There are 2 protein chains.
Amino acid sequence: MREQEILDAALQVFSKRGYRAAVVDEIAELAGISKPMVYLYLGSKEGLFIACVRRESARMVAAFREAADAGGAPEGRLWAGLAAFFRHVAEHRDSWVVLHRQAPEQGEAIAHELTAARRSVMAEVTGLISTGIADAGGQVRLGADDADFVAHALVGAADSLTDWMERHPEESPEATTARLMNVMWVGMRNVLAGEIWVPPAD
Amino acid sequence: MREQEILDAALQVFSKRGYRAAVVDEIAELAGISKPMVYLYLGSKEGLFIACVRRESARMVAAFREAADAGGAPEGRLWAGLAAFFRHVAEHRDSWVVLHRQAPEQGEAIAHELTAARRSVMAEVTGLISTGIADAGGQVRLGADDADFVAHALVGAADSLTDWMERHPEESPEATTARLMNVMWVGMRNVLAGEIWVPPAD
DNA sequence: TAGTAAACTTACTGAAGAGTAAGATGAGAA
DNA sequence: TTCTCATCTTACTCTTCAGTAAGTTTACTA
C-alpha cells in the first residue's frame with residue numbers, strides 16, 4: 001500500500017536526521033514519488049511524523065507482547081518479552097531512534113504522541129517485571145514503584161546496549177539479553193532474598 | 001565572561017529544541033545580546049554547538065572523576081563516581097540531553113564531536129567498573145568486553161532513570177544510585193561468584 | 001476513439017532563519 | 001570638543017523548505 005511505503009521512507013529519514021532536519025522531498029524521493037503525494041496521503045509533515053510514530057510504537061508493543069504471551073511461566077514471559085524487545089530494537093533501530101532520540105520540544109502534538117508511545121512501551125516492560133517479581137520473590141513483595149524503577153533501568157540499558165551490540169555483531173540479541181538478565185535478574189532475586197547492598201562509609 | 005554566557009544560553013536552547021530547530025536569535029536573546037555577537041564569538045551555529053558540547057562533556061567528566069578520586073577503595077570509587085554521575089545527570093539535564101538526544105546525522109563535524117563526548121563519558125564508567133570488578137571478583141576475571149557491557153547498561157539505565165527521578169522528586173540521586181547498585185552490583189557479584197542465570201527451556 | 005476520473009508531477013509561493021554589511025553607541029585619550 | 005577603537009545593533013541578503021495551484025499522464029469506461 002502506498003501509505004505504508006511512505007511511512008517506510010519517512011521512518012528512515014526521520015530516524016537519520018530527526019524531525020526538524022528531515023526534508024519532505026527526501027522522504028518522497030525515497031518512497032519513489034513526488035512531494036505532493038506525501039501531502040495527499042498524510043496531510044502535513046507533522047501528520048506524517050505522528051503516523052510514523054504510531055505505527056512503530058504499535059509494532060514494537062505487538063512484537064513484545066506476542067513473544068511474552070508465548071513465554072509460559074512469569075520468568076519465561078519476562079525472558080521471552082525482553083529477548084523480543086532486544087531483537088526488535090536491534091533489528092529495527094530506526095523505530096527505536098524515532099521514538100526515543102527526538103529533541104523534547106517540537107510542538108504540542110508531537111510531544112504528546114511521543115510521550116504516549118514511550119509510555120506504552122514502558123507499561124509493557126513494567127507489567128512483565130511485576131508478574132516476574134511476584135513469581136520469583138516468594139514472600140517479599142516489591143511495590144509498583146520498584147517495578148517501574150527496574151523497568152526504566154532495563155529499557156534504558158537496552159537502548160544503550162544497542163550501541164554496544166553494533167560493536168559486537170557476533171553477539172545475538174538473545175545472548176545480549178542473557179547477559180543483561182544475568183546481571184539484573186540475578187541481582188533482583190538476591191536483593192529480594194534479602195541481600196542488601198549498602199554504600200561503603202566515607 | 002561573555003562567551004560563557006552565550007554557551008549557557010545555547011545549552012538551554014539546544015537541549016530544548018535540538019540542534020536543527022534551535023534558532024540563533026533565540027540563543028542571542030536569552031544571552032541578552034544580538035545575533036551578530038554570537039557570530040563574533042563563536043563563528044557559526046555549528047561552532048556554537050560544538051563549543052557547547054565540548055564544555056558540557058568536560059564538565060561531566062570532571063564532576064565524575066573528581067568524585068571517584070575521592071572515593072578511596074575500588075568499590076567506593078564506583079559508588080562515588082556513579083553517584084556523582086547520577087547527580088550530574090539529574091541536576092544538569094540540559095548537558096545530558098544535548099550530548100545524548102541529538103539525531104545522528106547533523107553533519108560530519110557534529111557527529112564527530114558527539115561521538116567523542118559520549119566515548120569519554122563511557123570510558124570513565126568502564127574504567128570504574130573494571131577496577132571494581134578486579135577488586136570484587138576474587139579469582140574470576142571478566143574481560144574488557146564485559147566491563148564495557150556493564151558500563152553501557154549502567155549509563156543507559158542512568159539516562160532512562162532521569163525520567164523516573166522526575167516523577168519521584170522525593171528520591172535523592174544518591175538513593176537512586178543505591179537502588180541501581182543494589183540490583184546491578186549485587187547481580188554482578190553473584191554472577192562473578194558463579195551464580196549463572198540460564199534462559200528457561202521453551 | 002473520445003470521455004473521464006484517479007494518480008501523479010512540475011513549478012511555483014511564502015515564511016523562516018543562517019549569516020553579514022554597514023552603521024550606531026559609548027568610553028577613553030588628546 | 002573631536003578623534004579613535006571596541007562593542008554592539010539594525011536591517012538587510014540569500015538559501016532552504018513546507019505547503020499548494022495548476023496541469024499532465026495513466027488507466028479505465030463507453
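Naming convention: chains lettered A, B, ... in sequence-line order (proteins, then strands); numbering from 1 in each chain. Note: hydrogens, waters and symmetry copies are ignored here, and every other heavy atom, side chains too, is used. Since the model is a prediction, treat every value here as computed from it, not as a measurement.
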Roughly how many Å is it from CD in A/Glu5 to P in C/dA7, rounded to a whole number?
-> 14 Å

Please report, rounded to the nearest Å, how far the P atom of D/dT26 is from the CD1 atom of A/Ile33.
-> 17 Å

Ring centres of B/Trp164 and B/His168 under 6.0 Å apart?
-> yes

Counting any heavy atom closer than 4.0 Å, what does B/Leu40 reach on the DNA or RNA strands: base, sugar-phosphate only, or nothing?
-> nothing

Flag this pair as yes if the NZ/CZ of B/Arg179 is under 6.0 angstrom from the six-membered ring centre of A/Phe149 and inside a 45 degree cone about the axis; otherwise no.
-> yes

How close or far is atom P of D/dT16 from atom CD1 of A/Ile27, stated in whole angstroms?
-> 18 Å

Rounded distance in Å - CD (B/Glu26) to C1' (C/dA18) = 15 Å

Which pair of non-hydrogen atoms, one from B/Ala51 and one from B/Leu7, has the smallest distance, and what is that distance?
-> CB-CD2, 3.8 Å

Measure from CZ on B/Arg17 to P on C/dA16 and round the result to the nearest Å.
-> 14 Å

Table of protein N/O atoms under 3.5 Å from nucleotides 18-21 of chain D N/O atoms:
| residue | atom | partner | partner atom | Å |
| --- | --- | --- | --- | --- |
| D/dA18 | OP1 | A/Ala22 | O | 3.1 |
| D/dA18 | OP1 | A/Lys45 | NZ | 3.0 |
| D/dA18 | OP2 | A/Val24 | N | 3.1 |
| D/dA18 | N7 | A/Lys35 | NZ | 3.1 |
| D/dG19 | OP2 | A/Tyr39 | OH | 3.1 |
| D/dG19 | OP2 | A/Lys45 | N | 2.9 |
| D/dG19 | N7 | A/Lys35 | NZ | 2.8 |
| D/dG19 | O6 | A/Lys35 | NZ | 2.7 |

Heavy-atom pair with the smallest gap, counting every atom of B/Glu26 and B/Arg17 | OE1-NE, 3.1 Å

Does the ring of A/Tyr19 carry A/Lys45 above it, NZ/CZ under 6.0 angstrom from centre and within 45° of its axis?
-> yes

Using a distance-only test with no angle check, is there a side-chain donor-acceptor pair under 3.5 angstrom linking B/Glu75 and A/Trp197?
-> yes

Would one find a side-chain N or O of B/Arg2 under 4.0 angstrom from OP1 or OP2 of D/dT7?
-> no

Grab the CE-P distance between B/Met37 and D/dT10 for me, whole Å please.
-> 12 Å

